**Q** 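Following this message is one structure expressed as structure tokens.
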Protein chains: 2
Amino acid sequence: MTTNLATARAKATSKEEILDAAERLFAKSGFDGTSMREIAQEAGVAQALLHYHFKTKEGLFEAMFSRRSGAINRIRLARLDAMIARGTPTLEEIVDSLLRPTIEAGHDPSRGGSTFASLILVMGASNLDWQKGLISASYDAMAKRYIAALRLALPELTPANATWGYLFIIGAALTQMSPTGRADRLSDGETTDSNTETMLSRAVAFAAAGMRGLAARPDPDTTPGRA
Amino acid sequence: MTTNLATARAKATSKEEILDAAERLFAKSGFDGTSMREIAQEAGVAQALLHYHFKTKEGLFEAMFSRRSGAINRIRLARLDAMIARGTPTLEEIVDSLLRPTIEAGHDPSRGGSTFASLILVMGASNLDWQKGLISASYDAMAKRYIAALRLALPELTPANATWGYLFIIGAALTQMSPTGRADRLSDGETTDSNTETMLSRAVAFAAAGMRGLAARPDPDTTPGRA
DNA sequence: GTCTATAGTTCGATAGAC
DNA sequence: GTCTATCGAACTATAGAC
């Protein structure tokens, strides 16, 4: 049912093949940098078929985006619910369940990272209203559940600090989910960003410690004076 | 000498006005989403003048990007050098000197955040070679100096962990430097992302604690077994 | 559901006057 | 250094056959 890049069947419907092609190309070059012609060619269909199925380029983008973000969020919340049902989870468990599904479901075997992560990043940085609206509609409900879970695991967190912590975690990890070789270069070969598992374990440690650091200080929103 | 958006003179040279217009528009809509016609109109000059000064659209983008990234990196390294000359700086001081210049120099008074931060983000997420090359050429040297400074302040950091920590810090903060109203929405009004100073103080606390958390555990690159 | 063909628009870049 | 005018290419979207 869920169409995972890493496990895609050899023959999907042409509609799914269009969505797969769109995901690859939009992630590589962004919305405006990708043409309907390119997507049609990558999917092996005529350009007119894209308009038949999705009406406009923006419609195709939204269909492609919702398919993947919906699948990722379902996995996230299922794991979060299962953890909470077993008792109060640790910060590390919460962060892992937040980050790992983006790597698993967005995995592209030909590149070794999450193509979908680049996509979210490009959209999040965009200041176009329809893209920001799509981000909100796709993620706000899930984000609020995770912010609540962070406060459950770390009661000293104020609502404001929990919100900022969530945003920092997403930003820190999402920017590192598509291997670029940058970590290899900056460390002179001491590490590599092609191993998503070691990246993820470091992101979890960094994020959990960061949240504890946030919780251990006054809230700058409500503490006047030197910020 | 340095052209700061927040303190720009009423009448700059037309070349600078083109760069300013390009920075605003590229940050809003990305490279492919911005046309030379729009930039010319925003700058109040003829489109042909853009090609006279910068030859191609890519040339204009690189000139715009290098002007701002160069100014920001000079401020960063000057502050880092001054701190080290006074003794070993704290993690918090290092992180502040890394993040604050992007807000100061990239500040857009009409929007309250750093337009330039969105620009770097869009480029970093891009998989286009010339954009990744521009990121490397502009930031790798500075990044290596900061990674060394982090290890100076926190000797337990391995080179690999220091590199990943640096990348996490950049990702966490850069994604939050352009106010989107998302923090306001996710916190139900308990905080706001329109105050860059409280955002920055939280980012510094989160990042410093995250680095200490990274330093306090085995390095997953060199520790086989469950990652 | 899928195709070919094309209408209508917008783009980056250049030529050439001043 | 700055402009007007325009070329040729690429784009989104649609019309209409099968």
Side-chain angles (χ1 to χ4, degrees), chain A residues 3 8-65 67 119 122-123 126 128-131 134, chain B residues 3 8-67 119 122-123 126-131 134:
Chain A
T3 305
R9 293 292 154 270
K11 182 57 185 143
T13 72
S14 75
K15 194 167 178 177
E16 281 166 346
E17 282 179 4
I18 292 170
L19 289 171
D20 290 343
E23 185 170 333
R24 281 192 295 273
L25 293 177
F26 280 137
K28 180 169 8 184
S29 308
F31 181 78
D32 292 299
T34 305
S35 70
M36 296 294 265
R37 281 173 165 77
E38 289 176 291
I39 297 170
Q41 187 171 31
E42 170 100 357
V45 300
Q47 188 196 339
L49 193 58
L50 275 60
H51 288 97
Y52 170 79
H53 281 304
F54 306 102
K55 199 67 185 171
T56 65
K57 184 181 182 181
E58 197 172 312
L60 169 57
F61 187 91
E62 293 192 15
M64 172 277 301
F65 188 82
R67 178 185 66 155
L119 203 51
V122 176
M123 290 181 62
S126 156
L128 304 179
D129 283 340
W130 72 270
Q131 291 195 356
L134 193 51
Chain B
T3 305
R9 293 293 153 267
K11 182 57 187 143
T13 71
S14 75
K15 194 167 177 176
E16 282 167 348
E17 283 179 3
I18 293 169
L19 290 171
D20 289 342
E23 185 170 334
R24 281 192 295 273
L25 293 177
F26 279 137
K28 179 167 9 184
S29 309
F31 181 77
D32 292 299
T34 306
S35 71
M36 297 293 269
R37 282 173 167 79
E38 289 177 290
I39 297 171
Q41 187 172 29
E42 169 100 357
V45 300
Q47 186 195 341
L49 192 58
L50 275 58
H51 288 97
Y52 170 78
H53 279 306
F54 305 102
K55 200 66 184 172
T56 65
K57 185 182 182 181
E58 198 172 312
L60 169 57
F61 187 92
E62 293 192 16
M64 172 278 300
F65 187 82
S66 301
R67 177 184 67 154
L119 204 52
V122 176
M123 290 181 63
S126 156
N127 291 309
L128 304 179
D129 283 341
W130 71 271
Q131 292 194 356
L134 192 51

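We name chains A, B, ... by the order of the sequence lines, and we start the count at 1 in each one. Keep in mind that this is a model prediction, so the values were computed, not measured.
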**Q** Who are the side chain to side chain donor-acceptor pair (under 3.5 Å) partners of E42(B), not counting sequence neighbours?
**A** R24(B)
**Q** Run the side chain to side chain donor-acceptor pair (under 3.5 Å) test against Q131(A) and tell me which residues pass, sequence neighbours left out.
**A** S126(A)
**Q** The criterion is side chain to side chain donor-acceptor pair (under 3.5 Å); which residues satisfy it with S35(B), sequence neighbours excluded?
**A** E38(B)
**Q** Tell me the ring pair (Phe, Tyr, Trp, His ring centres under 6.0 Å) pairs involving residues 41-60 of chain A, sequence neighbours left out?
**A** none
**Q** Return the value, rounded to whole Å, for the distance between atom CG of L60(A) and atom C1' of dC11(D).
**A** 15 Å
**Q** Quickly work out the L50(B) CG to dT4(D) P distance and round it to whole Å.
**A** 13 Å
**Q** Rounded to the nearest angstrom, tell me the gap between atom CD in Q41(A) and atom P in dA10(D).
**A** 13 Å
**Q** In whole Å, what is the span from the NZ atom of K15(B) to the C1' atom of dG1(D)?
**A** 11 Å
**Q** Restricting to ring pair (Phe, Tyr, Trp, His ring centres under 6.0 Å), what partner residues turn up for F31(A), sequence neighbours left out?
**A** F26(A), F61(A), W130(A)
**Q** Can you name the atoms? Protein N/O to nucleotides 3-11 of chain C N/O, anything below 3.5 Å, with the distance.
**A**
from: dC3(C); atom 1: OP2; to: A46(A); atom 2: N; distance (Å): 2.7

**Q** Is it true that R67(B) and E23(B) make a salt bridge, defined as a side-chain N closer than 4.0 Å to a carboxylate O?
**A** yes
**Q** Under 4.0 Å between a side-chain N or O of S14(B) and OP1 or OP2 of dT2(D)?
**A** yes
**Q** Please check the phosphate of dA13(C) (OP1 and OP2 only) for any side-chain N or O of H51(B) closer than 4.0 Å.
**A** yes
